[in-house]
Q: 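My questions will all concern the structure given below.
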Amino acid sequence: MTSHVPNEARVIPLRPQAARPGARPAAPPVPPERRPPTVREPLWRDLVGDVLRRERLDQERTLKEVAQSARISMPYLSEVERGRKEASSEVLAAAAGALGLGLGDLLARAQGELLRLTSRHTGTRGPGRGTSGTRFDGMCLAA
């Protein structure tokens, strides 16, 4: 014999309801000066842009030279370097290639920068050591 469950949606209120009988009072809000500081994780586009700009400057090349070599517009490359645009893998590969890097090299450098920045904020020691203690040698990108 099967049990029949009515087809009803469960409603989760977005705002707390007014004091309900028997409900515990809400905890008082924590003042801003007593809240732990929040650390904003870096965005991937910022990291990749920083790596591109740093490599270009290390090679003492202009934005115009690299953009022409990569066959992308100079304003767009500038936006990518400043982390304002989320470039496609084709654009990143072209910019990296113009700098003598492979796409894997560019992404590995950005990953290294991400690990360096996040380990500084989380207090972990060394690359690939998260809270679980597991070492990750790969990278996953999702769109």
Side-chain angles (χ1 to χ4, degrees), residues 2-20 23-143:
T2 62
S3 62
H4 177 70
V5 178
N7 189 12
E8 294 179 15
R10 193 172 114 198
V11 178
I12 302 171
L14 296 177
R15 294 187 199 139
Q17 295 176 351
R20 290 174 277 162
R24 286 191 275 161
V30 177
E33 64 274 4
R34 298 198 65 203
R35 291 183 194 146
T38 57
V39 177
R40 187 182 141 257
E41 288 197 45
L43 298 176
W44 185 248
R45 67 176 183 244
D46 292 329
L47 296 169
V48 171
D50 288 344
V51 170
L52 287 171
R53 174 167 283 170
R54 195 171 29 245
E55 184 63 30
R56 179 178 61 79
L57 294 175
D58 286 348
Q59 294 180 16
E60 298 179 356
R61 295 178 65 190
T62 65
L63 196 60
K64 184 177 182 179
E65 290 171 343
V66 175
Q68 285 177 340
S69 179
R71 300 181 58 100
I72 56 180
S73 76
M74 190 173 68
Y76 189 73
L77 180 58
S78 174
E79 295 275 300
V80 170
E81 281 189 356
R82 290 183 287 143
R84 303 276 174 107
K85 295 290 182 186
E86 192 84 47
S88 68
S89 58
E90 291 87 357
V91 169
L92 293 178
L99 293 167
L101 301 172
L103 181 59
D105 298 324
L106 173 65
L107 299 180
R109 290 181 185 191
Q111 179 191 23
E113 185 68 10
L114 176 63
L115 291 172
R116 186 184 68 78
L117 291 172
T118 55
S119 68
R120 180 175 15 151
H121 294 298
T122 60
T124 58
R125 305 170 99 193
R129 297 180 196 267
T131 55
S132 67
T134 307
R135 180 176 163 85
F136 296 99
D137 290 325
M139 182 183 326
C140 178
L141 298 175

Q: So, for T118 and P42, which heavy atoms are closest and what is the spacing to 0.1 Å?
A: CG2-CD, 4.3 Å
Q: So which atom in L77 and which in A95 form the shortest heavy-atom distance, rounded to 0.1 Å?
A: CD1-CB, 4.2 Å
Q: Quick check: closest heavy atoms across V51 and R109, and the distance to 0.1 Å?
A: CG1-CB, 3.8 Å
Q: What residues, two or more places apart in sequence or in another chain, satisfy side-chain hydrogen bond (donor to acceptor under 3.5 Å, both in side chains) together with S73?
A: none
Q: About how many Å separate CD of E81 and CG of D46, when rounded to the nearest 0.5 Å?
A: 12.5 Å
Q: Would you give the length of the straight line joining atom OG1 of T62 to atom CE of M74, rounded to the nearest 0.5 angstrom?
A: 8.0 Å
Q: Report the distance from atom CD of Q68 to atom CG of L63, rounding to the nearest 0.5 Å.
A: 10.5 Å
Q: Taking side-chain hydrogen bond (donor to acceptor under 3.5 Å, both in side chains) as the definition, give me every residue that meets it alongside R45, ordered by chain and number, with sequence neighbours left out.
A: none
Q: Taking the side chain as everything from C-beta on, heavy atoms only, tell me whether L117 gets closer than 4.5 Å to L47.
A: yes
Q: Minimum heavy-atom separation for L99 to Q59, with atom names?
A: O-NE2, 2.7 Å
Q: If you take all heavy atoms of R61 and S69, which pair is closest and at what distance?
A: NH2-CB, 4.0 Å
Q: Only counting residues at least two apart or in another chain, list the ones meeting side-chain hydrogen bond (donor to acceptor under 3.5 Å, both in side chains) with R82.
A: S78, E79
Q: For R84, is the CZ atom crowded, meaning more than 12 foreign heavy atoms sit under 6.0 Å from it?
A: no
Q: How close do A87 and L92 get, counting heavy atoms only, and between which atoms?
A: CB-CD2, 3.7 Å
Q: Side-chain contact, heavy-atom cut-off 4.5 Å: V91 with K85?
A: no
Q: Between L101 and E55, is the side chain to side chain contact (heavy atoms under 4.5 Å, CB included) condition met? List the steps.
A: CA-CA 9 Å; L101 301 172; E55 184 63 30; 3.9 Å; yes
